[in-house]
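Structure first, commentary second.
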Amino acid sequence: MTIVKPRVIYWFRTDLRLHDSPALKAALDLEPEVLWPIFTWDPHYVYHVKASSNRWQYILDCQQDLSDSIQKLNPKSKLFVIREAPQTLFPKLFTAWKPTHLVFERDTDAYARERDKVVTDAATKAGVKVITRYGRTLWDSDEVVRKNGGKPTMSITQLQAAGHKVGEIPKPIPAPDYLPDPGEMPINFDHIQRAETVDLNAPHRSLVDKTYKSIAGPKGDSAVETLEELGFPAATTPHRGGETLALAQLEKVMADEKVRGYFSKAQDKPSFNRTSDDSSFASHALRCSVPSTLLLANHGSQLLFRDMYFAAQAAIGSPYTQTLNNPYVRFIPWHLPSKYDEADTGTMAISGSYQVDSPQADKWFRRWKAGVTGFPFVDALMRQLRFEGWIHHLGRHLVACFLTRGGCYVHWERGADVFEELLIDHEPASNAGNWQWLSCTAFFSQYYRCYSPVAFGQKWDKNGDFIRKWVPELKHLDAKYIYEPWKATQSALDDAGVRIEGDGLDEGGTEGIYPVAMFDFQERRNICIAAMKRAFAIGLHGNDEAVKNGYWKQLFEKAGETEMEGLDGMDSSDDNDDEGEHADDADHESHRNHNPKGRNGGKHSRSKSSTAVQEGPMDRHVKKLKT
DNA sequence: ACATAGGTTGCTAGG
DNA sequence: ACCTAGCAACCTATG
């Protein structure tokens, strides 16, 4: 009898790190004869998930740093990057390389689980043993869900109670001090290039996409991809990714906090300008480099929210990142709703595009995205987001509230799309969860607490230094007006050398011109709060029949709602919303947007929260009326 | 059943 | 600089 020593493929995915990796430890505990550290480029992420150059650069940084760290431990090894979908690649590797084990860190999102099942089934068929561990979160999200009665964790109390039942958070595992040699890596099989026709990133590519041109890259050495290979222009972010850098930053922050006596105090006053040198770096450190357990000491509360979102995602599955079919998110008839993939009736997953039910709301959305809303604090944040791929999480609160329930009344899925594209620290579970939180569709519901684009920033930055940095048009404006330039006197504007005009969308950054504010914030705030109140009274959720079959519209109309999908803005009545050429006829019907006060929908079966997951009385009502 | 307290991180006016 | 009450009134957790 011959004893076969383990030959292990370690499959790196989002866990681009060596420290505190239970899965990597499990792989090394096998005492393998050979270990292949590999990364596979998955077309799902390349073509179906929007990402900016900054995001790609950050991920490539993480991969390159990991590869360097592996090579330091064993000069024969590195991160071998293979350009093919894992679902088609692994069955061929199992035959060609003859591994005994495949090891990886589990994910909680629906796509990854589906993909991993395909790969795991292929492994089983090929006689390869699969070992997985959790490792991205404080507790195993699936365990948390189990201890929470199989239900998603929709509050911090639930998460803490469930986490307590799961047990102690394990101590961080040190990085390994050796790695076995990689085995032979014959590529004696056909390379399947991408089959997809969809490419959500096409508009952002400036070069020809060569991502899948060859299985081992242009030099045939399985090196980390470059932005050029991916077809993206150079990144603008000053933030670099990678475990080595992130750990060094963590060490510095902890040392600083000790010196300043902040060690036990979770929160300093937010500073929107500081980034990599303060506690806010935690979010992008978490993305793929620094294990959460190492951050626990001084970022404890933030991490609990993250675990809450991951466990919610683990329980809810694919509808977690959307409204439709999601029993746990409130239905609110926001503008610019997602288009759903008609062909894919099984999951009803969002297809990435949206309906322009209101040209006005669409313009507000495009101005928000471009950082030309005419609200300087909003614009500063959105411009920093685009350039750096990072903004302070309180800044994220403000711009998210402004786009959804506290200004534009645009669907939170639009905002989540933009953050997904631009944030280098983007994680789907946290992104969707936070957008649901801020828009009061799940996790949080106090919609009358509404962030002001003027007052919120002033609390910490009276002089508007943050605005001056990112909105240079207003650099010399008196601090009295910097948050609300529409109030500035002509002489103050003249002194600052700025004119307030246009919508900021067409000109290519004309110097000395800053756009007119999109709307009167107080007015929009009141309209939105009133609309939220009526939507809460109607009480629909993402899986209610009335939402799926469109009957919701009649319910909202009966309640006298006008601030909703499809019911406004089909004329160009808004006085700020003209295209600049026909300003004179802009004031007709200017009162059209005002909500009639009065009847609210409260009488319509206020579905209690506990009925959200079942068929409520509303559903019977709807079915009856539908025939 | 019902009441009460609490909830990452709201804003404003007033002391 | 820092606190409080009032605003209008959401949901969850607990006893």
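Keep in mind that what you see is a predicted model, and the values were worked out from it rather than measured. Lettering follows sequence order; numbering is per chain, from 1.
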Counting only side-chain heavy atoms from C-beta out, which of dT9(B), dA8(C), dC11(B) sits nearest to A455(A)?
dC11(B)

Grab the NE2-P distance between H392(A) and dT8(B) for me, whole Å please.
17 Å

If only side-chain N and O atoms of S445(A) are considered, is one of them under 4.0 Å from the OP1 or OP2 phosphate oxygen of dT12(C)?
no

Could you give the CG-to-C1' distance, from L438(A) to dG10(B), as a whole number of Å?
12 Å

If you draw a 6.0 Å radius around NZ in K475(A), do more than 12 non-hydrogen atoms from other residues or ligands fall strictly inside?
no

Rounding to the closest angstrom, what is the interatomic distance between dA8(C) and dG10(B) at atom C1'?
12 Å

Whole-Å distance between dG10(B) C1' and Y483(A) OH?
16 Å

Of the nucleotides dG7(B), dT8(B), dA13(C), which one has an atom closest to the side chain of Q446(A)?
dG7(B)

Considering only heavy side-chain atoms of F456(A), the closest of dG10(B), dT8(B), dT12(C) is dG10(B)

Does H393(A) contact dT8(B) through a side-chain donor or acceptor facing the base, at a distance under 3.5 Å?
no

For Y448(A) and dC10(C), say yes or no: do the ring centres fall under 5.5 Å of each other while the ring planes differ by less than 30°?
no

For DNA chain B, report each stem as range with range, ordered by first number, or say none. Use Watson-Crick or G-U wobble pairs under 3.5 Å, at least 3 in a row.
B:2-7 with C:10-15, B:10-15 with C:2-7

May I ask you to verify if any side-chain N or O of K459(A) is less than 4.0 angstrom from the OP1 or OP2 atom of dC11(B)?
yes

Can a donor-acceptor pair be found, under 3.5 Å and without considering hydrogens, that links the side chain of Q158(A) to the backbone of M154(A)?
yes

Which nucleotide wins on minimum distance to the side chain of I156(A), given the candidates dT8(B), dA9(C), dA13(C)?
dT8(B)

Donor-acceptor pair present, Q158(A) side chain and dT12(C) base, under 3.5 Å
no

Which of dT14(C), dC10(C), dT9(B) is nearest the side chain of Q302(A)? It is dT9(B)

Is the W437(A) ring parallel, tilted or perpendicular to the F305(A) ring (thresholds 30°, 60°)?
perpendicular

Under a 4.5 Å cut-off applied to non-hydrogen side-chain atoms, are D362(A) and Y354(A) in contact?
yes

Specify the separation, in whole Å, of atom CD of Q522(A) and atom P of dG10(B).
16 Å

Nearest to the side chain of K533(A) - dC11(B), dA8(C), dT8(B)?
dA8(C)

Just to confirm, is there a sub-4.0 Å distance from OP1 or OP2 of dC11(C) to any side-chain nitrogen or oxygen of R330(A)?
yes

Determine the interplanar angle of the W334(A) and Y409(A) rings, folded into 0 to 90°, and report it as parallel if under 30°, tilted if 30 to 60°, perpendicular if over 60°.
tilted

Starting at CE of M308(A) and ending at P of dC11(C), how long is that distance when rounded to a whole Å?
17 Å

Do the non-hydrogen side-chain atoms of Y447(A) and R330(A) ever get within less than 4.5 Å of each other?
no

Of L398(A) and N434(A), the one whose nearest nucleotide on DNA chain B sits closer to the 5' end is N434(A)

Is the distance from the ring center of F521(A) to that of Y451(A) below 6.0 Å?
no

Would you say W412(A) and L438(A) make side-chain contact, with heavy atoms under 4.5 Å?
no

From NZ of K462(A) across to P of dC2(C) the rounded distance in Å is 14 Å

F443(A) CZ - dT8(B) P separation (whole Å):
12 Å

Checking side chain to side chain contact (heavy atoms under 4.5 Å, CB included) between F402(A) and each of C450(A), C408(A), S452(A), C528(A), which is the one that passes?
C408(A)

Taking atom C1' in both dT14(C) and dA1(B), compute the distance separating them and give it to the nearest angstrom.
14 Å

I'd like the P distance from dG6(B) over to dA5(C), given in whole Å.
14 Å

M532(A) CE to dC7(C) P: how many Å, rounded?
22 Å

Between S452(A) and Y309(A), who's closer to the 5' end of DNA chain B by nearest nucleotide?
Y309(A)

Could you tell me how far dC7(C) sits from dT8(B) if I compare only their P atoms? Round to whole Å.
25 Å

